[in-house]
Amino acid sequence: LYGMHAGMSYGLMISLIGMLIAHLGQINIPLPHDIFDMIILTSMGGIIGKLSTTTALLGIELTEHRQAKSRLANERQLLFTMIDNLPDCIYVIDNQGRFIIANKPYANSIGLEHPQEIIGKRQRDISSTNSTQIIEDLDKHVLESGQALIQEEGKITTLENQVMWISKTKIPFTDTENNLIGLISVTSDITSRKLEDKHKQELLLEKEKSIVFRELVKDISQDLRTPI
């Protein structure tokens with residue numbers, strides 16, 4: 001029996017043991033009357049015991065796998081909940097420029113309702129404006145150079161033909177072997193801040209003009225009071 005067991009494949013052995021177990025309830029096994037019968041039953045008992053241990057270990061591994069899969073799904077859901085509720089436009093592309101993650105604000109900014117409509121596509125597949133080519137070229141530069149772009153400010157024209165000030169951050173990322181595999185892009189709307197800064201500059205300019213005007217009036221007044 002041992003020789004037969006050693007020569008079998010693991011899958012075939014499990015199948016045969018399963019058949020043996022299934023038939024145990026259908027056959028009448030007599031009590032061993034000699035040493036040969038005792039060896040057979042002892043061998044069967046050892047095999048069934050090993051099968052039970054293997055089954056228990058497989059059950060533990062399956063449970064741990066399901067728990068790990070559940071944790072991963074929960075973490076992924078948490079990630080998307082967070083980025084979908086941020087005001088910034090966020091996306092992640094691979095080193096071929098294909099979208100692998102995008103949030104709702106970014107999808108909405110290019111006229112789409114769901115981020116899922118973007119996944120697997122490139123910039124040129126979802127838009128054909130001048131801004132699209134600029135963004136694609138910028139992403140390509142970051143991917144090729146491996147150098148991050150941090151809070152670069154600029155102006156764009158929205159789909160509603162409105163001028164918007166934005167701040168762009170693009171960070172390349174690598175795998176565990178330090179191979180560059182994509183980039184993360186975050187774009188923030190800073191129009192309100194720029195308008196506020198502009199308003200402050202205008203107020204400051206008006207204040208400076210007022211000071212200059214008062215000084216001019218003061219000088220003129222002194223000149224008028226001074227006799228020739």
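Position 1 is the first residue of the sequence; numbering continues from there.
Between V186 and the choices I171, I90, L86, the side chain to side chain contact (heavy atoms under 4.5 Å, CB included) rule is met once, by I90.
Across P172 and A148, no two heavy atoms sit closer than the pair CD-CA, 3.8 Å. In this structure, T81 and N85 approach most closely via the heavy-atom pair O-ND2, 2.6 Å. In this structure, P115 and A102 approach most closely via the heavy-atom pair CB-O, 3.2 Å. In plain terms, the two heavy atoms of T169 and Q151 that are nearest each other are OG1-N, 3.0 Å. The two residues E117 and K121 make their nearest non-hydrogen contact at O-NZ, 3.2 Å. In this structure, F173 and L183 approach most closely via the heavy-atom pair CE2-N, 3.2 Å.
The aromatic rings of F99 and Y91 stand perpendicular to each other, their planes meeting at an angle above 60°, with 30° marking the opposite boundary.
We find the OG1-CD distance between T187 and E152 to be 10.5 Å, quoted to the nearest 0.5 Å. A distance of 14.5 Å separates OG of S109 from NZ of K104, quoted to the nearest 0.5 Å. Here the CD1-CD1 distance, from I118 to I126, works out to 5.0 Å after rounding to the nearest 0.5 Å. Summarising the geometry, atom CG belonging to D88 is positioned 10.0 Å from atom OG belonging to S185; distances are rounded to the nearest 0.5 Å. From I181, atom CD1 reaches atom CD1 of I93 across 12.0 Å, with rounding to the nearest 0.5 Å. Residue Q133 holds its CD atom at 7.5 Å from CZ of R124, rounded to the nearest 0.5 Å.
Between K168 and L138, some side-chain heavy-atom pair lies under the 4.5 Å cut-off. L72 is not listed as a side-chain neighbour of K69, based on a closest heavy-atom distance of 4.5 Å or more. Side-chain atoms of Q147 and H141, non-hydrogen and from C-beta on, never get closer than 4.5 Å to each other.
The salt bridge (charged side-chain N to carboxylate O under 4.0 Å, His left out) analysis of residues 90-101, with sequence neighbours excluded, yields the pairs D94-R98. Under the salt bridge (charged side-chain N to carboxylate O under 4.0 Å, His left out) criterion, the residue pairs touching residues 169-179 are D139-K170, with sequence neighbours excluded.
Without hydrogens or angle criteria, S70 side chain to Q67 main chain gives no donor-acceptor distance under 3.5 Å. Under a 3.5 Å cut-off, the side chain of N103 and the backbone N or O of I83 do form a donor-acceptor pair. Between the S167 side chain and the E153 main chain, no donor and acceptor come within less than 3.5 Å of each other.
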Practice item. Give the intermediate values and the outcome of side-chain contact (heavy atoms from CB on, under 4.5 Å) for residues L79 and M82. Key: CA-CA 5 Å; L79 168 66; M82 290 174 60; 5.7 Å; no
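F80 and I184 fall within a single hydrophobic cluster, where Ile, Leu, Val, Met, Phe, Trp and Tyr side chains are chained together by heavy-atom contacts under 4.5 Å.
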